Amino acid sequence: MIRIPLPKVFNKKLLFQYLKRSPNEITFHVLSDSIVLKLFPLADRLILCQLDFIGDEFILTFPDTKPSPEEGKAIKEYCISWFDLETDLDAFYHVLEKDPIVKPVIHNHRGLRMVKAPDLFEAISWSIIGQQINLPFAYTCKKALVEKVGKKLLFEGITYYAFPEPDAVLTISDETFRAMKFSSQKVKYIRIAANEIKSGKLRKSELEELSFIDAKARLIELKGIGNWSANYVLMRCLGFKEAFPLEDVGLHNALKFLLKRDSKPSLLEIKELAKKWSGWEAYVTFYLWQSLLKD
DNA sequence: CTCCAGGTCCATA
DNA sequence: TATGGACATGGA
């Protein structure tokens with residue numbers, strides 16, 4: 001059992017609202033309003049982990065295989081990153097006090113922490129899958145991919161899946177990808193990313209060492225990764241708070257609503273609005289996404 | 001049927 | 001530097 005303290009500013013209800021946003025999410029299972037199950041593919045074995053959010057901490061237990069101390073440490077670190085537990089949200093709220101447009105959303109979602117995708121290949125793949133299609137369809141595509149080549153564990157009648165390694169994705173044929181509704185462009189892009197990561201040319205640890213500008217430039221070198229995808233990965237995987245997926249249609253729709261417009265604001269206009277969010281663009285974007293969810 | 005989805009690349013001017 | 005079309009499919 002591993003115990004992880006939760007920060008003072010933390011909203012469990014909003015976290016679970018986000019976690020439950022798609023019935024087709026397959027890389028973790030929401031069991032109740034305070035329990036999540038996730039399968040971790042560690043060096044040479046799979047470990048199923050149950051996360052119980054209780055009071056001011058959450059507790060990791062392992063219903064199937066017990067992790068070694070090193071494995072436990074890796075899982076703990078993953079979870080701290082997954083729920084972004086180390087960010088000082090008060091600093092964020094202080095900066096956003098100055099923006100009357102977005103402030104109501106920030107206020108309504110107090111304690112919401114960004115849900116991240118700590119695995120680099122998963123984050124990049126998801127950004128590619130999500131390009132230019134609606135979110136439900138994107139989840140359907142991801143589910144097909146993970147069920148096809150993801151690692152899995154059967155426990156008490158339920159199959160748990162982990163997002164596949166680059167190697168596994170590279171075994172998928174064109175025909176199989178087509179059957180999973182991936183466009184040929186996306187197949188090409190995902191294979192490029194898989195090869196970069198597999199070969200060691202692209203590493204999360206190296207990207208984390210770079211400045212925001214350099215990390216973004218490195219990601220955009222990959223075919224299929226444009227400004228939106230690069231910023232998406234910078235915010236959801238690498239934790240850059242200034243990352244800003246300007247072209248994001250969810251962001252546009254949320255702003256359209258907040259501004260009470262009948263059409264979406266222009267990119268130029270959004271850039272102007274975002275000047276008030278300096279340093280916290282990623283968090284504002286995440287809160288605006290959340291504001292689009294229905295209860 | 002048409003338009004839009006958590007975009008990106010490439011050709012053209 | 002800016003704009004238009006292709007890409008694939010699903011849902012409103």
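Quick caveat, the model's predicted, so the values are computed rather than measured. So that the names make sense, note that chain A is the first sequence line, chain B the second, and so on, each numbered from 1.
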Enquirer: Can you measure Leu268(A) atom CG to dA2(C) atom P for me and round it to whole angstrom units?
Expert: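 For the pair Leu268(A) CG and dA2(C) P, the rounded distance is 10 Å.
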Enquirer: Which whole-number value in Å describes the distance from Lys264(A) NZ to dC4(B) C1'?
Expert: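 Whole-Å distance recorded here is 7 Å.
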Enquirer: Given side chain to side chain contact (heavy atoms under 4.5 Å, CB included), test Phe62(A) with Ile75(A) step by step and report yes or no.
Expert: CA-CA 11 Å; Phe62(A) 306 93; Ile75(A) 292 172; 3.8 Å; yes
Enquirer: Are side-chain N/O atoms of Asp84(A) and Tyr283(A) paired as donor and acceptor at under 3.5 Å?
Expert: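 Yes, a side-chain donor-acceptor pair sits under 3.5 Å.
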Enquirer: Listing request: all side chain to side chain donor-acceptor pair (under 3.5 Å) pairs with a residue in residues 33-43 of chain A, at least two apart in sequence or in separate chains.
Expert: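 Listed by first then second residue: Lys20(A)-Asp33(A).
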Enquirer: Atom pairs under 3.5 Å, N or O on each side, protein against nucleotides 9-13 of chain B: can you list them with distances?
Expert:
| from | atom 1 | to | atom 2 | distance (Å) |
| --- | --- | --- | --- | --- |
| dC9(B) | OP1 | Gly224(A) | N | 2.6 |

Enquirer: For Phe257(A), is the CZ atom crowded, meaning more than 12 foreign heavy atoms sit under 6.0 Å from it?
Expert: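 No.
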Enquirer: How many whole angstroms separate atom CG of Asn231(A) from atom P of dG7(B)?
Expert: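 Between P of dG7(B) and CG of Asn231(A): 13 Å.
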Enquirer: Going by distance alone, is a donor N or O of one side chain under 3.5 Å from an acceptor N or O of the other, for Lys241(A) and Thr87(A)?
Expert: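 There is such a pair between these side chains.
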Enquirer: Please determine whether a side-chain nitrogen or oxygen atom of Ser229(A) lies at a distance below 4.0 Å from atom OP1 or OP2 of dT8(B).
Expert: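 Result: yes.
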Enquirer: Is it true that Glu221(A) and Arg218(A) have a side-chain N and a carboxylate O under 4.0 angstrom from each other?
Expert: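 Between Arg218(A) and Glu221(A) there is a salt bridge, with a charged N closer than 4.0 Å to a carboxylate O.
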Enquirer: Which ILVMFWY residues are connected to Phe155(A), directly or by a chain of links, through side-chain heavy atoms under 4.5 Å apart?
Expert: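 Members alongside Phe155(A): Leu31(A), Ile35(A), Leu37(A), Leu39(A), Leu46(A), Leu48(A), Leu153(A), Ile158(A), Tyr160(A).
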Enquirer: When the distance from CG of Asn253(A) to P of dA12(C) is rounded to whole Å, what number comes out?
Expert: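 So the two atoms are 15 Å apart, to the nearest Å.
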Enquirer: Of all residues at least two apart in sequence or in a different chain, which pass the salt bridge (charged side-chain N to carboxylate O under 4.0 Å, His left out) check with Lys13(A)?
Expert: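 For Lys13(A) there are no salt bridge (charged side-chain N to carboxylate O under 4.0 Å, His left out) partners, ignoring immediate neighbours.
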Enquirer: Please report the distance, rounded to the nearest Å, between CD in Glu247(A) and C1' in dT8(B).
Expert: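 Taking CD of Glu247(A) and C1' of dT8(B), I get 10 Å after rounding.
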Enquirer: For nucleotides dA2(C) and dA5(B), find the distance between their C1' atoms and express it as a whole number of Å.
Expert: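 My reading of the C1' atoms in dA2(C) and dA5(B) gives 24 Å.
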Enquirer: Could you write out DNA chain C as a dot-bracket string, with dots for unpaired bases, | for bases paired across to another strand, and Watson-Crick or G-U pairs counted at under 3.5 Å?
Expert: |||||||.||||
Enquirer: Are Pro104(A) and Val102(A) close enough that some pair of their side-chain heavy atoms sits under 4.5 Å apart?
Expert: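 A side-chain contact under 4.5 Å is absent here.
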Enquirer: Mind calculating the distance between CG (Leu251(A)) and P (dG7(B)) to the nearest angstrom?
Expert: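 For the pair Leu251(A) CG and dG7(B) P, the rounded distance is 11 Å.
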Enquirer: Could you list by number each residue of residues 108-145 of chain A showing a heavy-atom separation from DNA chain C of less than 4.0 Å, or answer none if no residue does?
Expert: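 The answer is Gln132(A), Ile133(A), Asn134(A), Phe137(A).
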Enquirer: Of the candidate nucleotides dT8(B), dT9(C), dA5(B), which contains the atom at the shortest distance from the side chain of Lys181(A)?
Expert: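 Minimum distance to the Lys181(A) side chain belongs to dT9(C).
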Enquirer: With rounding to the nearest 0.5 Å, note down the distance linking CG in Leu219(A) to CG in Asp214(A).
Expert: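 Nearest 0.5 Å value for the CG-CG distance: 11.0 Å.
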Enquirer: Below 6.0 angstrom between ring centroids: does that apply to Tyr93(A) and Trp280(A)?
Expert: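 Between Trp280(A) and Tyr93(A), which both carry aromatic rings, the centre distance is not below 6.0 Å.
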Enquirer: Without decimals, in angstroms, what is the distance between Leu292(A) CG and dA5(B) P?
Expert: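 It is 11 Å, rounded to the nearest whole Å.
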Enquirer: Rounded to whole angstrom units, what separation is found between the CG atom of Asn24(A) and the C1' atom of dT9(C)?
Expert: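 In whole Å, dT9(C) C1' lies 15 Å from Asn24(A) CG.
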